[in-house]
Amino acid sequence: MALRKRLTEEDEDQLREWLGKPDAGFELLFKASTQGYNPATFHQLCNNKGPTVTVAYNAAGWVFGGYASDSWTSRGAYVQAPGSFLFRLSNANKFDPLKIPANTNLQYCLYDAQDTGPVFGGGHDFLVFAGTGYVDHGNFVTANGSVNVGHTYGNGMGHNANTFCGANLNYLDVEVYSIGKRESKEDGDPIEKKMLQEGKEWRKVQWSDEERERLKQRVAEYKPRPCLSVSQVNVLLGGQVGSGKSSFFNTINSIYKGRVSSQAMAGSQPHSLTTRYRTYEVRGERNGETLCFRLCDTMGLEDANTGLDLDDLPYLLDGNVPDRYQFNPAANFSPATPGFKNMAGMKDRTHCVALALDICNISVMPQGAMNKIKTIYNKALKRGIPSVVLLTKVDKACEFVADDLTLVYRSRFILEKVQEVSEKLGLPEYHIFPVQNYSKQTSLDNKIDILALSALAQILGFADDYLDEHYEALATENLEKLNVKE
């Protein structure tokens, strides 16, 4: 997976020296900031890959980790792995390398279990993360890690949590690398392998201030057909927890507010931050006219019996759920629920479904979560409601796109993900839109805006197609044709 490395060339050179392998190359297998601090995902991506290097980055600027000389395999047991070691690369943002060898209790070099991430030593000297209850504090993540250097690694050498990592496990990221052969210059420029040639983009976009303003005006001036009783189209936002569906509304809202906005709750948490059904409106400018669409945010999808209950979905699609309805895990929404909109008409219905998928997690998405995405798509399809996919976090999927968002439609990896989603869902590729939401930025970025506005303009066009298709039913008020509760 073409994720962006944090590891620097200086760091890699130091690791090569410690490993005694001057030609070693490091392939990024797992990146917790994009794929979650989830032991199951770690093992899915890193098992049976041979020796690996785990690198952690904390909020105080320390870079540290461990080298495992044996493969992770989810044995559920300790592993004797001679040659394994812990290390520090940076101390408070200063390059300060330190190697801590395994020098006692070698039968405990690694602990290899399905319910933990990488674990070094029997103490444990360094348990990187465990369980699924990690907490995102905004600027860092805590993930049930622990440090007890001196049991297996650095015994009697005076090392401890302070010298290893500053006694700080507030993570910015954790990465795991496999070790292979370093790519030589004769192998060619990596950008040529990962990117299409200039002029061969798989989707054409004008990256200019003028294009941004043209798209912004096009969306602002959008109006449904004047002969229909629909003044605003409704776009239902769905997706897995942490996929960026709420952040997409915040991105659109930011564009029209002229500043980065966070009206909808968004972030990276194990469970959905959205617990109410919200129909968000966007104003053309502060205290200006409301634009002719609503972005309807709902609970995120989760793997287990939590998150959005798909039994509530028909009522969301058919417009029976009132704004600010508090989802209740103990009771499904039904006609007996207070606030149920009995007389929901076409103006209340969903006119397009937008499913947010984290592009970095497509290939490792649990089957249960993908099945829920497919269920939403199929239920919408049965009603004739168009669906699109917002492929979020493209900046984290390709190192070149991270540096320059205008390269998004030259990225081979992102094109492959579009094709993969199209194949999995049976959705046309022109219904799939790569986007980057505002996350760490504090000011607007035209390139982010152009991607988001381009996607929204297409969504509004598909909503119009739906209204056109049902014009006859609207004209005769024969809405029973559309009432399908399944």
Side-chain angles (χ1 to χ4, degrees), residues 232-253 262-282 293-335 337-341 344 347-358 365 368-383 385-390 392 425 435 437 455-456 459 462-463 466 484-486:
Q232 291 177 296
V233 295
N234 300 314
V235 180
L236 182 66
L237 300 174
Q240 203 174 9
V241 169
S243 61
K245 61 179 181 57
S246 302
S247 294
F248 181 71
F249 161 72
N250 285 337
T251 296
I252 296 298
N253 201 32
S262 59
Q263 182 177 344
M265 291 289 291
S268 300
Q269 295 286 349
H271 302 291
S272 180
L273 289 173
T274 304
T275 60
R276 294 177 181 269
Y277 176 65
R278 286 303 323 274
T279 56
Y280 289 114
E281 296 180 332
V282 176
F293 61 88
R294 287 186 287 245
L295 298 177
C296 306
D297 198 12
T298 188
M299 286 190 77
L301 300 173
E302 301 184 31
D303 300 339
N305 296 321
T306 53
L308 179 66
D309 192 319
L310 295 185
D311 288 339
D312 293 339
L313 180 62
Y315 298 107
L316 290 166
L317 294 174
D318 293 341
N320 304 115
V321 181
D323 185 26
R324 299 182 186 273
Y325 167 70
Q326 176 73 52
F327 290 98
N328 183 355
N332 291 121
F333 189 82
S334 75
T337 302
F340 183 92
K341 296 163 72 172
K347 64 182 177 59
D348 304 297
R349 296 175 180 275
T350 294
H351 305 117
C352 186
V353 173
L355 298 167
L357 298 181
D358 181 341
M365 181 182 293
M370 180 55 74
N371 289 341
K372 289 183 178 182
I373 293 289
K374 290 180 179 178
T375 298
I376 295 175
Y377 171 59
N378 289 328
K379 285 185 181 292
L381 188 63
K382 182 168 286 191
R383 289 163 169 75
I385 300 171
S387 295
V388 304
V389 167
L390 302 170
T392 61
L425 293 182
V435 296
N437 291 320
L456 181 56
I459 288 169
F462 293 142
Y466 171 80
V484 188
K485 284 289 181 287
E486 61 176 62

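Since this is a predicted model, take the numbers as computed values, not measurements.
In this structure, the separation between CG on Asp323 and NZ on Lys341 is 8.0 Å, given to the nearest 0.5 Å. Atom OH of Tyr325 and atom CZ of Arg278 lie 15.5 Å apart (nearest 0.5 Å). For the atom pair Asp348 CG and Arg294 CZ, the distance stands at 7.5 Å (nearest 0.5 Å). Atom-to-atom distance recorded for Asn332:CG and Leu310:CG is 10.0 Å, nearest 0.5 angstrom.
Partners of Ala354 by side chain to side chain contact (heavy atoms under 4.5 Å, CB included), not counting sequence neighbours, listed by chain and number: Val235, Leu237, Val388, Leu390, Ile459. Residues satisfying the side chain to side chain donor-acceptor pair (under 3.5 Å) criterion with Thr251, sequence neighbours excluded, are Asn437. With sequence neighbours left out, the ring pair (Phe, Tyr, Trp, His ring centres under 6.0 Å) criterion links Phe462 to His431.
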| query | Would Leu317 and Val353 count as a side chain to side chain contact (heavy atoms under 4.5 Å, CB included) if you check the C-alpha gap in whole Å, the side-chain angles of each, and the deciding distance to 0.1 Å? | reply | CA-CA 9 Å; Leu317 294 174; Val353 173; 3.9 Å; yes

| said: I'd like to know whether Ile385 forms a side chain to side chain contact (heavy atoms under 4.5 Å, CB included) with His351, so could you lay out the CA-CA distance, the side-chain angles of the two residues, the decisive distance to 0.1 Å, and finally the verdict. | reply: CA-CA 6 Å; Ile385 300 171; His351 305 117; 6.0 Å; no

| Can you list the steps and then say if Phe248 with Asp297 is a side chain to side chain contact (heavy atoms under 4.5 Å, CB included)? | CA-CA 10 Å; Phe248 181 71; Asp297 198 12; over 6 Å; no

| request: Determine, stepwise, if the pair Met370 / Leu425 fulfils side chain to side chain contact (heavy atoms under 4.5 Å, CB included). | output: CA-CA 9 Å; Met370 180 55 74; Leu425 293 182; 4.1 Å; yes

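For Pro322 against Tyr277, the heavy-atom pair with the smallest separation is O-CD2, 3.4 Å. Nearest heavy atom pair, residue Arg276 against residue Arg324, reads NH1-O, 3.0 Å. Of all the heavy atoms in Leu295 and Leu456, the pair that sits closest is CD2-CD1, 4.5 Å.
Side-chain atoms of Ser243 come within 3.5 Å of backbone atoms of Ala356 as a donor-acceptor pair (strictly under, hydrogens ignored). The backbone N or O of Arg349 sits less than 3.5 Å from a side-chain atom of Asn234, completing a donor-acceptor pair. Judged purely by atom type and a 3.5 angstrom limit, Ser247 has no side-chain atom pairing as donor or acceptor with the backbone of Gly244.
By the 4.5 Å heavy-atom criterion applied to side chains, Leu313 and Thr298 are not counted as neighbours. With a 4.5 Å cut-off on side-chain heavy atoms, Val321 and Asp312 do not count as touching. Looking at Thr375 and Lys379, their side chains come closer than 4.5 Å, going by heavy atoms from C-beta outward. Looking only at side-chain heavy atoms (C-beta outward), Gln240 and Asp358 stay at 4.5 Å or farther from each other.
Aromatic pair Phe333/Phe340: centroids less than 6.0 angstrom apart.
By the 30° and 60° cut-offs, the orientation of the rings of Tyr280 relative to Phe249 is parallel.
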